[in-house]
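Some notes on the structure that comes next.
Side chains included, hydrogens not; waters and symmetry mates left out as well; all remaining heavy atoms used. A quick note: this is a predicted structure, and the numbers were derived from the prediction, not measured. All chains are named by letter (A, B, ...) in the order of the sequence lines, taking the proteins before the strands, and each is independently numbered beginning at 1.
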Number of protein chains: 2
Amino acid sequence: MNRSSHLDETQLLKHISLDCVVFGFHDSQLKVLLLRMKRTKDWALPGGFVLLDESIEIAASRVLRERTGLDHIFLKQFKVFSSPDRSNTNPGVQDLLDSGAIDDSSWFNQRFISVGFYALVDFSKAEPTPDLFSDLCHWKSLEDIDLLILDHNQILDKALETLRLQLNYQPIGYNLLPDRFTMPELQKLYETILGKELDRRNFQRKMLSYDILCKLEERKTGGAHKAPFLYEFNLENYGKALKHGFNGGW
Amino acid sequence: MNRSSHLDETQLLKHISLDCVVFGFHDSQLKVLLLRMKRTKDWALPGGFVLLDESIEIAASRVLRERTGLDHIFLKQFKVFSSPDRSNTNPGVQDLLDSGAIDDSSWFNQRFISVGFYALVDFSKAEPTPDLFSDLCHWKSLEDIDLLILDHNQILDKALETLRLQLNYQPIGYNLLPDRFTMPELQKLYETILGKELDRRNFQRKMLSYDILCKLEERKTGGAHKAPFLYEFNLENYGKALKHGFNGGW
DNA sequence: TCAAAAGTGTTTGGTTTACACCCATGA
DNA sequence: TCATGGGTGTAAACCAAACACTTTTGA
């Protein structure tokens, strides 16, 4: 876009949009980044359109840079949503007209196919920022999310399902946690994503056996009770391990 | 399309196409369905465009019905290919002009985003049929495939990778084999997809333990050596088992 | 009658599960 | 000082890999 306050639709690929399910982890909870539409106050996933010289991956990372201030976000396509009746009218178009971002609604009130991405970010580093459609951007816990616009609930559900399935094949821990973290924190993350409790001792043994963590001398002080050790990921070994996956397979 | 001999581009979604990697299994080999372009004799994956009232899934199954004569094909999206330089010119457009399928090349010489699908079909039931671009449609073994048009090699590679990863989570055996098959045939299929040999006895034990097969009284006669039993899938149990995956996981 | 393929079974070793025990910390 | 959370260890159960033996078949 030339100026961020005005959308130039001649620079955009018609019929194609993208939506991102941005996951963060905070207070032992999985959070998702949502936008509140200016006029209707409905909630939506962050998304955007594709510039003529962009791949959708580049477009998605541009959108997320605008929404979070972060670069090099972990991003993964998971599904294209293309039901013919998913978006003959764009629920945000009136906001765009109101704000002067567009002069004409016709381009936006077409049928759109949306490429779904999920993204993993370090909660503490992201700075949620609304877009032209919205007046608010913030993190919501999964259980606090109810009705989203269009088929965004479906997109969210599918993203979660994919996240669970890919837990053993993607660098999920690495992207969702701060650089240094404790074993109980890592375990909580796994428990939250999987929706079930894991045995503390077996979890630790298994994790360490992958040889992807560096135990630091330092401990996490401040909390009550015994101070747990801090760890960081050994990126080299982590990368190798992910190629094979951590579990199962013939 | 109104008449199969003429493409009406006003009925098609701009900038969006789909390509299918259709897998079959025959002679202990994984086969892929390819088309030969009329003029250049280059090879390509079967693909097509999306009608205004179709989802891409519906479009893909329409395309595959035209290419194989089969309905209800197992189809799965695996990735969107959207590099901006993947298709500013469509290599088949001259064939379309030659054959009178289109009057004007401009619609087809745009940038296209392609949704990649992989499909699994019963080799013995498919009837390969060329499309408007091509004069030949047939099965090729993986090792016999060299250069394909555009980024179709990349699409094929990614499809294979996905197939391997999803082997334990998708009804792959069911869709690639005839209704009744022997245990050695099923094993060969797994070995071919995974690219490695498996122990005959352990494979059989493991497969049977999933409780997804019905052993029939009948044996497969005709071949040399001891006649192996025939099996069929127990669809009910197979469906249940796939929900959890057959292997690994926390 | 014999080589090759298929059915069935056993041994072994590693991995996962389910626990017990001790240590550190702040309320 | 004690409840709570964290670090470490171990026995039992389970599962997967490796391998032996027998049966059937057509050449």
Side-chain angles (χ1 to χ4, degrees), chain A residues 25 27-29 167-169 173 177-178 180-192 194-232 241 244-250, chain B residues 25 27-29 167-169 173 177-178 180-192 194-232 241 244-250:
Chain A
F25 188 63
D27 277 347
S28 303
Q29 287 187 310
L167 188 56
N168 291 312
Y169 296 94
L177 290 176
R180 301 152 81 245
F181 53 90
T182 67
M183 194 58 81
E185 284 167 353
L186 182 59
Q187 185 182 338
K188 266 271 170 287
L189 172 61
Y190 271 69
E191 291 180 334
T192 306
L194 294 171
K196 67 177 171 190
E197 301 201 338
L198 302 169
D199 183 279
R200 182 171 60 87
R201 295 145 290 189
N202 294 334
F203 179 84
Q204 167 142 339
R205 191 197 347 274
K206 195 165 183 173
M207 262 301 157
L208 290 177
S209 77
Y210 295 141
D211 204 30
I212 56 171
L213 299 179
C214 295
K215 183 174 183 172
L216 305 178
E217 289 304 311
E218 206 172 344
R219 286 159 182 264
K220 170 148 188 165
T221 59
H225 318 301
K226 185 170 183 177
F229 283 103
L230 285 168
Y231 291 84
E232 46 182 36
H244 316 126
F246 291 124
N247 253 320
W250 287 80
Chain B
F25 188 65
D27 277 346
S28 302
Q29 288 187 310
L167 187 56
N168 291 310
Y169 297 92
L177 291 175
R180 299 150 84 244
F181 54 89
T182 68
M183 193 59 79
E185 284 167 353
L186 182 60
Q187 184 182 339
K188 267 269 171 284
L189 171 62
Y190 272 69
E191 290 181 333
T192 306
L194 293 171
K196 68 176 171 191
E197 300 200 339
L198 302 169
D199 184 279
R200 182 170 61 88
R201 296 147 288 190
N202 294 334
F203 179 85
Q204 168 142 336
R205 189 193 354 270
K206 196 166 183 172
M207 261 305 158
L208 290 177
S209 77
Y210 294 141
D211 205 29
I212 57 171
L213 299 179
C214 296
K215 184 173 181 171
L216 305 178
E217 289 305 311
E218 206 172 342
R219 287 160 181 265
K220 172 150 187 161
T221 59
H225 319 302
K226 187 171 183 176
F229 283 103
L230 285 167
Y231 290 85
E232 46 183 35
H244 316 126
F246 290 124
N247 251 320
W250 287 80

- Task: For the helix from dT1(C)-dA27(D) to dA27(C)-dT1(D), measure the angle between the helix axis at one end and the axis at the other, each built from five pairs, rounding to 10°.
- Result: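 Axis-to-axis angle, ends of the helix: 10°.
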
Can you list everything that forms a salt bridge (charged side-chain N to carboxylate O under 4.0 Å, His left out) with [X]? Sequence neighbours excluded, please.
| X | value |
| --- | --- |
| Glu197(A) | none |
| Glu232(B) | none |
| Glu218(A) | Arg180(A) |

- With Arg201(A) via side-chain hydrogen bond (donor to acceptor under 3.5 Å, both in side chains) - residues at least two apart: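 So Arg201(A) forms a side-chain hydrogen bond (donor to acceptor under 3.5 Å, both in side chains) with Asp199(A).
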
- How would you list, by chain and number, every residue that makes a side-chain hydrogen bond (donor to acceptor under 3.5 Å, both in side chains) with Gln187(A), sequence neighbours excluded?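 side-chain hydrogen bond (donor to acceptor under 3.5 Å, both in side chains) check on Gln187(A) returns Glu191(A).
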
Residues in side-chain contact (heavy atoms from CB on, under 4.5 Å) contact with [X], at least two apart in sequence or another chain:
| X | value |
| --- | --- |
| Ser28(A) | Lys188(A) |
| Ala241(B) | Ile212(B), Phe246(B) |
| Glu185(A) | Phe181(A), Thr182(A), Lys220(A) |
| Lys215(A) | Phe229(A), Tyr231(A) |

- Per-nucleotide protein contact string for nucleotides 9-14 of chain C (B base, S sugar-phosphate only, - none; heavy atom under 4.0 Å): BB----

Enumerate all atom pairs, one protein N or O and one N or O from nucleotides 22-27 of chain C, separated by less than 3.5 Å.
unit_1	atom_1	unit_2	atom_2	d
dT25(C)	O4'	His225(A)	O	3.3

